[in-house]
Amino acid sequence: MPKKNSLMRQLNQQFFQKDAIEVAKALLGKIISYNSCSGMIVEAEAYKADPASHAYRITPRSEIMLKTFGHWYVYFVYGMYYCVNITTNGTKEPGAVLIRALEPLTGIEAMKERRKAYDLKNLCSGPGKLCAALGIDKSLNGTKVDGSMKVLDYKSISQGQIKVSHRIGIKEEKPLPWRFYIRDNIFVSRL
DNA sequence: TATTGGATCGCC
DNA sequence: GCGATCCAATAG
């Protein structure tokens, strides 16, 4: 693990009380730290109450998106992968940001071992991949963002370095431009 | 209770 | 391009 210095402030719940789109952009350049492993967020997507969102209808699974902010929302997909989100938008409207890719920083050997993948570019370049790499599972669902898994300040990303596209794996009539990633970063899931 | 389809990934 | 693999949501 690297030495923590004063620049690596730990983000509190309050940070996530704002809109998912704003949070998604603000998360680029931040670090996720868990299980003695860490990586810089290079790609994230916003979800609110749009038809493609779990919160389009509030169900027992998705109500965390409505009722909380600054909590981890972890769900299981395709029978074999987990995806990790952070809830946003206060407690009156639903919102969450899906973490889609990390640039691996520390605990790289452990992450390679969990993933059985040894190419750095391939280690955390997708929502399912990064959860497998860090060992994230449903036991973290509903925990606070400043609990055992944390988010730390790291690099400042300017607006000009942020690229925007439609969300991946979503079928919708008119794709919303709610995916954000760091320009020229090789660790994103795709260009 | 049964059915269907998915915010994925890796191999064919 | 497609199968793996199982849970969550909906319909009945």
Side-chain angles (χ1 to χ4, degrees), chain A residues 16 19-28 30 32 34 37 39 41-89 93-104 111-143 145 149 151 162-182 186-191:
Chain A
F16 301 93
D19 190 79
I21 291 169
E22 215 182 312
V23 173
K25 288 189 276 190
L27 278 176
L28 298 178
K30 301 286 189 286
I32 288 191
Y34 179 60
C37 297
I41 299 170
V42 299
E43 178 180 346
E45 285 175 357
Y47 289 84
K48 300 213 280 181
D50 56 286
S53 170
H54 290 171
Y56 186 57
R57 293 184 182 83
I58 298 299
T59 64
R61 181 177 65 162
S62 69
E63 73 174 0
I64 186 173
M65 288 179 63
L66 171 64
K67 293 186 173 175
T68 76
F69 58 93
H71 284 61
W72 297 106
Y73 169 37
V74 182
Y75 63 86
F76 192 58
V77 274
Y78 297 109
M80 48 183 96
Y81 300 105
Y82 293 98
C83 290
V84 64
N85 303 246
I86 304 174
T87 59
T88 61
N89 290 77
E93 61 176 332
V97 172
L98 170 68
I99 311 302
R100 281 197 57 92
L102 304 176
E103 175 173 334
M111 293 198 283
K112 285 180 174 175
E113 194 50 43
R114 285 195 201 92
R115 284 262 296 122
K116 306 293 179 206
Y118 303 94
D119 174 17
L120 214 55
K121 290 196 307 298
N122 188 38
L123 202 51
C124 301
S125 54
K129 294 179 186 178
L130 72 92
C131 283
L134 294 181
I136 295 168
D137 64 22
K138 253 185 118 174
S139 67
L140 286 160
N141 186 43
T143 62
V145 80
M149 181 157 62
V151 183
I162 299 177
K163 293 258 287 177
V164 183
S165 81
H166 64 85
R167 297 174 296 181
I168 307 295
I170 297 289
K171 57 171 205 219
E172 48 190 350
E173 300 266 329
K174 189 176 181 300
L176 292 165
W178 286 2
R179 170 177 177 251
F180 306 94
Y181 60 102
I182 299 179
I186 63 170
F187 298 98
V188 296
S189 68
R190 62 171 80 172
L191 287 315

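In what follows, chains carry the letters A, B, and so on, assigned in the order in which the sequence lines appear, proteins first and then strands, with residues in each chain numbered from 1.
Below the 3.5 angstrom threshold, one finds a donor paired with an acceptor across the side chain of Tyr75(A) and the base of dA7(B). His54(A) contributes no side-chain N or O that forms a donor-acceptor pair with the base of dA8(C) under 3.5 Å.
Side-chain contact between Lys48(A) and Ser53(A): absent, with no pair of heavy atoms (C-beta onward) separated by less than 4.5 Å.
Atom NE2 in His166(A) sits about 15 Å away from atom P in dA7(B), given to the nearest Å. For the pair Arg190(A) CZ and dT8(B) C1', the computed distance is 10 Å after rounding to whole Å. Rounded to whole Å, atom C1' of dG6(B) lies 16 Å from atom CD1 of Ile168(A). Separating the NZ atom of Lys129(A) from the P atom of dA7(B) is a distance of 18 Å, rounded to the nearest angstrom. The separation between Leu130(A) atom CG and dC9(B) atom P is 8 Å, rounded to whole Å.
Backbone-only contact: Gly128(A) has heavy atoms under 4.0 Å from sugar-phosphate atoms and none from a base. Residue contacts for Lys171(A): at a heavy-atom cut-off of 4.0 Å it reaches the sugar-phosphate backbone alone, with no base atom in range. Heavy atoms of Tyr78(A) sit under 4.0 angstrom from at least one base atom. Looking at heavy-atom distances under 4.0 Å, Arg115(A) makes contact with sugar-phosphate atoms alone, never a base.
Distances shown here put every side-chain N or O of Lys116(A) at or beyond 4.0 Å from the OP1 or OP2 atom of dC9(B). The shortest distance between the side-chain N/O atoms of Thr59(A) and the OP1/OP2 oxygens of dA8(C) is not below 4.0 Å. Contact annotation: Arg57(A) does not reach the phosphate of dA8(C) (side-chain N/O to OP1 or OP2, under 4.0 Å).
By the 5.5 angstrom centroid cut-off and the 30-degree plane limit, Tyr81(A) is classified as not stacked against the base of dT8(B).
Remark: Lys116(A) engages Glu113(A) in a salt bridge, criterion side-chain N to carboxylate O under 4.0 Å.
Residue Arg61(A) places its side chain closer to dA9(C) than to any other of dA7(B), dA9(C), dT10(C). Distances were taken from every side-chain heavy atom of Asn122(A) (C-beta onward) to each of dG10(B), dA9(C), dA7(B); the shortest belongs to dG10(B).
One P atom belongs to dT5(C), the other to dA2(B), and the distance between them is 23 Å to the nearest Å.
Under the Watson-Crick and G-U wobble criteria, each requiring two contacts below 3.5 Å, nucleotide dT10(C) is paired to dA2(B).
Annotation: cation-pi pair Arg61(A)/Phe76(A) absent, no NZ/CZ under 6.0 Å from the ring centroid and within 45° of its normal.
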